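Just so you know, residue 1 is the first one in the sequence shown, and it goes up from there. It should be emphasised that the depicted structure is a prediction, and the values quoted were computed from it without experimental measurement.
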Amino acid sequence: MDRRNFAFDRMNFILLAVGMAIVILGFILMSGGGTEDGSFNPEIFSPMRIKVAPAVCFIGFVSIVYAIIRKPKDTGEDAEKETKQQ
């Protein structure tokens with residue numbers, strides 16, 4: 001199968017994996033312990049949960065979108081092979 005028929009190249013898949021890892025990290029930062037006895041837990045309003053983690057998730061989603069819309073670079077080798085075959 002010819003490589004130029006694929007929409008993504010290796011770099012696109014790497015960027016997608018990195019973006020998904022960043023999003024997962026953001027969700028892990030958002031998670032935390034709950035309350036066992038039903039009392040008020042001030043940890044839920046920590047800056048890590050309400051500022052940093054959503055920003056990390058946003059960066060991850062932006063990198064995923066970039067990985068999807070990124071166009072693979074066309075190498076001249078494929079074009080040369082095609083012209084030689086004809």
Rounded at 0.5 Å granularity, tell me how far [atom1] in [X] sits from [atom2] in [Y].
X	Y	atom1	atom2	result
L15	M20	CG	CE	11.0 Å
R70	N12	CZ	CG	5.0 Å
S63	I22	OG	CD1	4.5 Å
I64	I69	CD1	CD1	12.5 Å
R49	S31	CZ	OG	7.0 Å

What pair of heavy atoms forms the shortest contact from C57 to M30, and how long is it?
->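 What the structure gives for the nearest pair is SG-CE, 3.5 Å.
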For I50 and F45, which heavy atoms make the closest approach, and how far apart are they?
->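 Closest heavy-atom pair between I50 and F45: CD1-O, 3.9 Å.
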Starting from [Y], can I reach [X] by hopping between I/L/V/M/F/W/Y residues whose side chains sit under 4.5 Å apart?
X	Y	answer
V52	V62	no
M48	V56	yes
L25	I59	no

Look only at the side chain of D9 and the backbone of P72, and say whether a donor-acceptor pair between them is shorter than 3.5 Å.
->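 Pair absent, no side-chain N/O of D9 close to backbone of P72.
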Report the C-alpha distance between V23 and F27 in whole Å, list the side-chain angles of each, state the deciding distance to 0.1 Å, and finish with yes or no for side chain to side chain contact (heavy atoms under 4.5 Å, CB included).
-> CA-CA 6 Å; V23 170; F27 279 113; 3.5 Å; yes
